[in-house]
Amino acid sequence: MESVAVKPSEVLRQANQEHLHRLRHTCSHVMAMAVQKLFPDAKVTIGPATEHGFYYDFDRREPFTPGDLKSIAKEMRRIIKANLPVVRQELPREVIRQEIDKLNEPYKLELLAAIPEGQPISRYFLGEPDHHPQPWWDLCAGPHLESTGQIHPDAFALESVAGAYWRGDEKNAMLQRIYGTAWETPEQLESYHLMLEEAKRRDHRKIGKDLHLFSIQEEAGGGLVFWHPRGAAMRNLIETFWKETHLAGGYELVSTPHVANLELWKTSGHNDFYRDSMFDTMEVEEQTFQLKPMNCPFHILIFKDTLHSYREFPLRMAELGTVYRFERSGTLHGLMRVRGFTQDDAHIFCTESQIKDEILGVLNLAEFILSTFGFAQYEVNLSTRPEKYVGEDAIWEQATAALRQALEAKGWAYVVDEGGGAFYGPKIDIKIEDAIGRRWQCSTIQVDFNLPERFDLEYVGEDGNRHRPIMIHRALFGSLERFFGILVENYAGDFPLWLAPVQARLIPVSDDHLPYAVAVAAKMKAAGLRVQVDRSGDRMAKQIRKAELEKIPVMAIVGAKEMETETLSIRSRKHGELGALSVATVVEKMLAAVGDRGWF
RNA sequence: GCCGAUGUAGCACAGUGGUAGUGCAGCCGAUUCGUAAUCGGCAGGUCACGAGUUCAAAUCUCGUCAUCGGCUCCA
């Protein structure tokens, strides 16, 4: 399964992106033409190219079925084989408006009205415009291929039908979106399908179930995670590592409740700005309580409980804080999108002049922690002041400059998202790249000018006067649940030794060797290794098969030979049979692999 | 929440109106075995849940919940 000649992701990377974009866009027109031929009642809307293909949204009463997709694809192949020319025609607004009117396409009229004055307006025909009857055409800016024959009839596929709102707004009509994928060659399409299979093989929901890591239970409700012993063991390892690293990095650990009086959330502004994502309140002895969607107000209360001096700054407060957010049922997805999750949260209270160094410190910590889990490739975004914001311009500029300086000092390339910041401050987001090239947003670092104001935070400065501190929110994993899901998919369940919930399985050749296996296991456990003995009485080959299916990294065969010589015959999941090694050597080598966070 | 699909034993699946099935896992017994499945037996299901249609419902209808693919939103 690992030995594909050329990695599918490589094949796809070699494709000409500009050409692919045209091809996919044209493909979406071909599909729309096919759909309107087969289903004349379908109204056209928009149909752009996407990362892997294209889609087209239609307004039609009857839903498209999988069978419909087959006939649409067939019709598309016919259009491709006919090799119709793709002809662009620019027309004055009023002329094209009348043309659209004739076709009775209300969505296109709306699109036309949205095109700014002075911009050229064009349509694209599939077929010669002078031909009678007039060929199919679509209001479109282009660009496209020159003819439908340039699409390879075996390099596209229709994938699925999904609902989508007109212009992405849920107040609007629900349209039917048909997704397709399209490539230059059948080989690329094949590679794309291999990629999809690979992603499916790594799906954390499947692996999580197969390896008994976690579950989500219908009886308890969607989006609530149950960590089973093996998953919980891994989570504990991650948490321990996180806590030790933060303590070493100058953070102090705190722990706060899961609910609080609603008044707190009114002060913080969450009750106004975040209500849609919060669970309903609960009444207790005539007071109203709220399950927490964030940790920040709690850390602020700890901060406020004493008067602070600038000499204590920067003050770094960290917590693995479990929060609950109301997510609409249709959006829940395994561990990636849940209703209760644990943020690896921290809040740094500091002065303006400390922002840069603090951010740099967070970037270094993020790099250290993420790379420990095997993530060394990042995509970094810097988001600046949006249109609606709080805080003074000068301080926004100062903070944004500090973020830039920190990124530059770190030497990381980054993309600026102008106006993409939160209303309360600028931020840096870090996306990590996994083993098959997918990117996941994890870390976020946000400067906050709002909460210190709302809670009237103060510290005593060098001058003896009260000043308002700067507050930095930051999370590195983002959410432990989500990060765990990413880890599972990144490693495909083959975890490095330090994370593997069961590091070694001792396999007795027969029951005669069971006592020896138990004794050896005790020794290995005493050395701090997570070891199990297979007591099933199954044949050796069966025991090996079970251990392989459970992706246990080290198998140790125990038989007469091994008892005789006080050795273990090691079979590594990664490297196969390694022969007989003394128990002491196995322990030593395993501990070394744990130490450098590698595999055995 | 919205559009579409799905829900049968711990897991993977078969079963289109007439007494719920297969494989693996589990338990029991025999086998005591050298690098990915030993053999035999037993047990296990309110067919997601709740209504309805029918002489009869896993199967048809409606509702609820959950899951899957999307939309929207996001850690």
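Reminder, nothing fancy here: chain letters follow the sequence lines and each chain counts from 1.
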Report the C-alpha separation of A/R275 and A/W265 in whole Å, then their side-chain angles, then the decisive distance to 0.1 Å, and conclude whether the side chain to side chain contact (heavy atoms under 4.5 Å, CB included) test is met. CA-CA 10 Å; A/R275 188 74 254 170; A/W265 303 103; over 6 Å; no
If we take the [atom1] atom in both [N] and [M], what is their distance in whole Å?
N      : M      : atom1 : value
B/rA12 : B/rU53 : P     : 35 Å
B/rU6  : B/rU59 : C1'   : 15 Å
B/rU22 : B/rG44 : C1'   : 14 Å
B/rG17 : B/rC73 : C1'   : 44 Å
B/rC55 : B/rC62 : C1'   : 22 Å
B/rG69 : B/rG50 : C1'   : 27 Å
B/rC42 : B/rU35 : P     : 33 Å
B/rU19 : B/rU38 : P     : 37 Å

Can you measure [X] atom [atom1] to [N] atom [atom2] for me and round it to whole angstrom units?
X      : N      : atom1 : atom2 : answer
A/Q176 : B/rA5  : CD    : P     : 10 Å
A/L549 : B/rA37 : CG    : P     : 10 Å
A/K209 : B/rG7  : NZ    : P     : 14 Å
A/Q543 : B/rU38 : CD    : C1'   : 13 Å
A/K171 : B/rC73 : NZ    : C1'   : 13 Å
A/D210 : B/rA25 : CG    : P     : 15 Å
A/N295 : B/rA75 : CG    : C1'   : 12 Å
A/D534 : B/rA37 : CG    : C1'   : 13 Å

All heavy atoms of A/R339 vs all of A/G222, minimum pair found to be CD-O, 3.8 Å
If you take all heavy atoms of A/F600 and A/V586, which pair is closest and at what distance? CE1-O, 4.2 Å
Watson-Crick or G-U counterpart of [N], or none if no pair lies under 3.5 Å:
N      : result
B/rG40 : B/rC28
B/rC55 : B/rG18
B/rG69 : B/rC3
B/rG23 : B/rC11
B/rC47 : none

Which residue, A/Q343 or A/S569, contacts RNA chain B at a nucleotide closer to its 5' end, judged by nearest heavy atom?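 Nearest nucleotide further toward 5': that of A/S569.
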For A/K206 and A/V338, take the nucleotide of RNA chain B holding the closest heavy atom to each; which residue's nucleotide lies nearer the 5' end?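 Its nearest nucleotide lies further toward 5', so the answer is A/K206.
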Salt bridge present between [X] and [Y] (N-O < 4.0 angstrom):
X      : Y      : result
A/R167 : A/D169 : no
A/E197 : A/R201 : no
A/E550 : A/R230 : yes
A/E577 : A/R571 : no

Touch check for A/E562, heavy atoms < 4.0 angstrom, all strands: base, sugar-phosphate only, or nothing?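 Here A/E562 touches the bases of the nucleic acid.
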With the side chain counted from C-beta on, respond yes when A/I300 and A/M471 share a heavy-atom pair under 4.5 Å apart, and no when they do not. yes
Look at the side chain of A/E327 against the base of B/rA75 and say whether a donor-acceptor pair falls under 3.5 Å; ignore hydrogens and angles.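 Between B/rA75 and A/E327, which were checked side chain against base, a qualifying N/O pair under 3.5 Å is present.
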Base contacts versus sugar-phosphate-only contacts with protein, heavy atoms under 4.0 Å: please encode nucleotides 65-72 of chain B as B, S and - from 5' to 3'. BSSSBBBB
Per-nucleotide protein contact string for nucleotides 26-33 of chain B, where B marks a base within reach and S marks sugar-phosphate only (heavy atoms under 4.0 Å, - for neither): ------BB
Tell me, yes or no, whether the heavy-atom count around A/K546 atom NZ, taken from other residues, nucleotides or ligands under 6.0 Å, exceeds 12. yes
In this structure, are over 12 heavy atoms from other groups packed under 6.0 Å from A/E239 atom CD? yes
Would you confirm whether A/S443, through its side chain, and A/I430, through its main-chain N or O, come within 3.5 Å as a donor-acceptor pair? no
Sub-3.5 Å donor-acceptor pair from the side chain of A/Q343 to the main-chain atoms of A/V323, do we have one?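 Such a contact is absent between A/Q343 side chain and A/V323 backbone.
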Tell me which residues in residues 474-489 of chain A put a heavy atom below 4.0 Å from RNA chain B, sorted by number, or none.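 Heavy-atom contacts with RNA chain B come from A/S479, A/R482.
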Among A/K200, A/R482, A/R438, A/R202, find the residue that satisfies the salt bridge (charged side-chain N to carboxylate O under 4.0 Å, His left out) test when tested with A/E489.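 Among A/K200, A/R482, A/R438, A/R202, the one that satisfies the salt bridge (charged side-chain N to carboxylate O under 4.0 Å, His left out) with A/E489 is A/R438.
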Centroid separation A/F58 to A/F39 less than 6.0 Å: no
